[in-house]
Amino acid sequence: MNLAARIALLCLGVAFVAVLVAGVVSTRLVLSTSQQVSREILRSQADVVAGQISNNRVEQVLEGQGIAIVRISPSGELSGTDRAAVRAAHEADVGRVLNGQPVTGVSGRLNVEARASGAGGFALVQETETSNTYRKLVRNIIFALGIGLVVACLAGLALGTFLARPLKRVASVAHSMSTGRRDLRVPVSGTHELAEVATSVNELADALQRSESRQRDFLLSVSHELRTPLTAVTGFAESLADGVVTGEQVAPVGTVILDEARRLDRLVTDLLDLARLGADDFRLDRADVALEPVVRSAAEVWHARCHARGVLFTLDVTASPVVRADARRLRQVIDGLMENALRVTPAGRPVVLALSSVLEVRDGGPGLAPEDYAVAFDRGVLHARYQESRPVGTGVGLALVHGLVTRMGGTIKAGPAPEGGAAFTVTLPGQLDFLCPERQN
């Protein structure tokens with residue numbers, strides 16, 4: 001059932017209940033009023049008849065109006081031709097009129113008015129005429145109910161159509177987006193709620209467009225990264241297969257092929273790790289890990305690699321925090337940040353691995369533009385921006401580091417470093433921080 005039909009049914013239900021409640025209330029009021037009016041008329045007639053009860057003509061007139069007369073003897077006995085009237089008069093205790101006071105009573109649907117007359121008295125008994133009034137009232141209620149339901153149906157359909165039109169536009173744009181179109185936008189108009197829905201859909205379309213654009217650029221950069229080592233491996237392998245390279249030239253060619261194969265392996269491994277990060281079964285062996293031994297172990301490897309490149313490596317340890325993390329993934333984070341720093345740092349410039357209450361990697365490279373720090377961990381963004389001006393990696397290293405830190409419950413942020421390049425600061429959920437008096441360079 002569409003929105004217009006739902007709103008129309010809701011309006012019909014509201015109208016039905018409203019008319020029904022009004023009918024019930026008005027019925028009780030009309031019937032009560034009718035009975036009260038009948039009693040007032042009967043009372044007036046009783047007052048008039050009190051002085052003329054002996055007149056037969058009066059009795060005939062009253063009987064013609066449907067009013068029964070019950071005679072009251074001086075001893076209080078009741079007599080009359082209408083047994084129901086006599087019974088009603090008896091229930092109303094009309095004998096009290098012999099004391100000189102008028103009596104008014106009701107017995108079921110019968111109204112009773114008794115007055116003293118001569119030595120005795122009389123009582124007028126009349127049935128409240130509500131049957132005709134009731135039928136007319138029901139007929140009027142049914143008529144009003146029909147008119148109300150027709151008006152409610154028309155109003156509900158009109159309102160539903162009016163409200164559903166912008167929602168249909170939103171649904172149409174969303175359906176087009178599901179088929180791959182990203183150039184459509186929903187006009188932001190209507191009520192606040194409808195405008196908010198339209199704005200949300202437009203923002204979703206913009207986000208999808210940006211995400212797909214980044215994915216496209218990322219795939220292009222990965223394809224480029226894969227093509228370069230594959231071309232080298234293919235070329236040198238063909239040279240070996242054709243016998244072009246022989247003797248002492250075989251070893252250098254094999255070294256090149258091995259390096260390029262390792263480069264391919266590293267790229268594929270990073271891509272697989274990055275893909276697995278979003279899976280629920282990504283394994284993390286969390287435990288209480290002392291950061292200082294992990295950092296010092298990594299420093300031994302990176303000190304040698306920096307020395308081979310002519311880069312000044314510095315280890316700065318001022319605390320020994322214990323964190324809740326996966327030691328193997330933590331080493332992977334450090335290696336990823338150090339590899340990124342070493343790649344962009346020229347010879348003679350510093351690279352710093354620092355440990356205090358946080359883990360920090362700083363470099364003396366060219367750094368990043370201020371607007372790039374916010375997107376430093378977006379997959380392939382820095383690779384696309386700087387691949388023409390500086391050495392770049394696979395485009396997934398920083399994204400992988402960010403994913404690993406996040407999965408371990410930590411945070412990582414990028415900013416300018418005092419050494420002139422970029423600084424990456426990792427904060428992990430910790431338990432205790434032990435001050436370390438040593439500071440090793």
Interatomic spacing from [atom1] in [X] to [atom2] in [Y] - rounded to 0.5 Å:
| X | Y | atom1 | atom2 | result |
| --- | --- | --- | --- | --- |
| His402 | Leu398 | NE2 | CG | 10.5 Å |
| Lys413 | Phe377 | NZ | CZ | 10.5 Å |
| Arg328 | Leu330 | CZ | CG | 11.5 Å |
| Asp316 | Leu355 | CG | CG | 9.0 Å |
| Ile69 | Asp82 | CD1 | CG | 11.5 Å |
| Leu204 | Gln209 | CG | CD | 11.5 Å |

Please examine the side chains of [Y] and [X], heavy atoms only from C-beta on, and report whether any two atoms are closer than 4.5 Å.
| X | Y | result |
| --- | --- | --- |
| Arg331 | Asp335 | yes |
| Arg343 | Glu339 | yes |
| Val301 | Met338 | no |
| Glu419 | Thr345 | no |
| Val361 | Asn340 | no |
| Leu110 | Arg87 | no |
| Asp288 | Arg324 | yes |
| Val103 | Asp93 | no |

What pair of heavy atoms forms the shortest contact from [X] to [Y], and how long is it?
| X | Y | result |
| --- | --- | --- |
| Pro102 | Arg115 | CB-NH1, 3.5 Å |
| Val426 | Val358 | O-CB, 3.5 Å |
| Ala88 | Val125 | CB-CG1, 4.2 Å |
| Leu368 | Ala376 | CD1-CB, 4.4 Å |
| Tyr373 | Gly421 | OH-O, 4.1 Å |
| Val186 | Ala198 | CG1-CB, 3.6 Å |

- Item | Steps toward side chain to side chain contact (heavy atoms under 4.5 Å, CB included) verdict (Val201, Met177) | CA-CA 10 Å; Val201 172; Met177 289 170 57; 4.1 Å; yes
- Apply side chain to side chain contact (heavy atoms under 4.5 Å, CB included) to Val322 and Val289, showing your working. CA-CA 5 Å; Val322 176; Val289 178; over 6 Å; no
Would you check if the side chain of [X] reaches a backbone N or O of [Y] as a donor-acceptor pair within less than 3.5 Å?
| X | Y | answer |
| --- | --- | --- |
| Asp285 | Asp326 | no |
| Ser172 | Lys168 | no |
| Ser200 | Glu196 | yes |

- Within 6.0 angstrom of Glu371 CD, more than 12 heavy atoms from elsewhere: yes
- Task: Please assess Asp206 against Arg185 for the test salt bridge (charged side-chain N to carboxylate O under 4.0 Å, His left out), listing each intermediate value before the final yes or no.
- Result: CA-CA 9 Å; Asp206 293 336; Arg185 296 295 182 271; 2.6 Å; yes
- Among Val294, Leu353, Leu337, Ile412, which one satisfies side chain to side chain contact (heavy atoms under 4.5 Å, CB included) with Leu359? Leu353
- Message: Could you go through Arg362 and Thr314, starting from their C-alpha distance and side-chain angles, then the distance that decides it, and tell me whether this counts as side chain to side chain contact (heavy atoms under 4.5 Å, CB included)?
- Response: CA-CA 10 Å; Arg362 307 191 300 267; Thr314 301; over 6 Å; no
